[in-house]
Amino acid sequence: MRVYEVLSEENWLSKAWDTVMHGPQNDELITWVNKNIRRKGTQWIYRNVDKEFPKRYVKSDVDKAISIVMKRG
């Protein structure tokens with residue numbers, strides 16, 4: 001396989017490459033967390049992030065989004 005083919009596939013390596021090259025692209029995750037964190041809590045968010053965004057975000061992305069929302073106040 002060529003490098004381009006490996007990076008164009010939807011797998012952990014392509015997600016890591018996108019994060020390194022373009023920074024985290026999780027504006028929709030932050031918006032979703034902001035909407036639900038006060039009503040439903042962090043444990044609900046951890047359980048339901050895969051239902052809302054199937055296999056798109058890992059736990060560290062959710063942790064980062066929660067910390068951003070909590071710092072805003």
Side-chain angles (χ1 to χ4, degrees):
M1 290 184 107
R2 295 183 176 147
V3 173
Y4 176 75
E5 292 171 349
V6 171
L7 295 177
S8 65
E9 289 182 18
E10 193 64 32
N11 57 24
W12 66 271
L13 183 60
S14 67
K15 287 172 72 174
W17 182 257
D18 287 341
T19 301
V20 168
M21 293 304 292
H22 306 293
Q25 301 292 325
N26 56 4
D27 293 333
E28 61 187 8
L29 177 64
I30 292 172
T31 305
W32 183 76
V33 168
N34 190 30
K35 185 175 91 174
N36 292 308
I37 196 161
R38 304 245 184 317
R39 284 185 270 147
K40 299 179 181 178
T42 57
Q43 292 303 313
W44 183 89
I45 289 172
Y46 285 122
R47 285 192 308 263
N48 292 297
V49 71
D50 285 335
K51 293 176 187 171
E52 185 71 23
F53 308 103
K55 302 295 180 191
R56 188 159 177 196
Y57 296 111
V58 294
K59 186 179 183 307
S60 62
D61 294 333
V62 177
D63 289 339
K64 194 179 301 182
I66 288 172
S67 71
I68 289 170
V69 169
M70 295 305 283
K71 286 179 185 175
R72 288 182 186 170

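The residues of the chain are indexed from 1 along the displayed sequence.
- A distance of 10.5 Å separates OH in Tyr57 from CD in Glu52, rounded to the nearest 0.5 Å.
- The side chain to side chain contact (heavy atoms under 4.5 Å, CB included) test applied to Lys59 returns Tyr46, Asp63, not counting sequence neighbours.
- Put simply, the side chain of Val33 does not reach to within 4.5 Å of the side chain of Ile68, judged on heavy atoms.
- Residues Arg56 and Asp61 form no side-chain contact, since every pair of their non-hydrogen atoms from C-beta on lies 4.5 Å or further apart.
- Of all the heavy atoms in Lys55 and Asp50, the pair that sits closest is N-OD1, 4.1 Å.
- Rounding to the nearest 0.5 Å gives a distance of 10.5 Å between CG of Asn34 and CE of Met70.
- For Lys40, the side chain to side chain contact (heavy atoms under 4.5 Å, CB included) partners at least two apart in sequence or on another chain are Asn36, Trp44.
- Atom NZ of Lys71 and atom CD1 of Ile66 lie 12.5 Å apart (nearest 0.5 Å).
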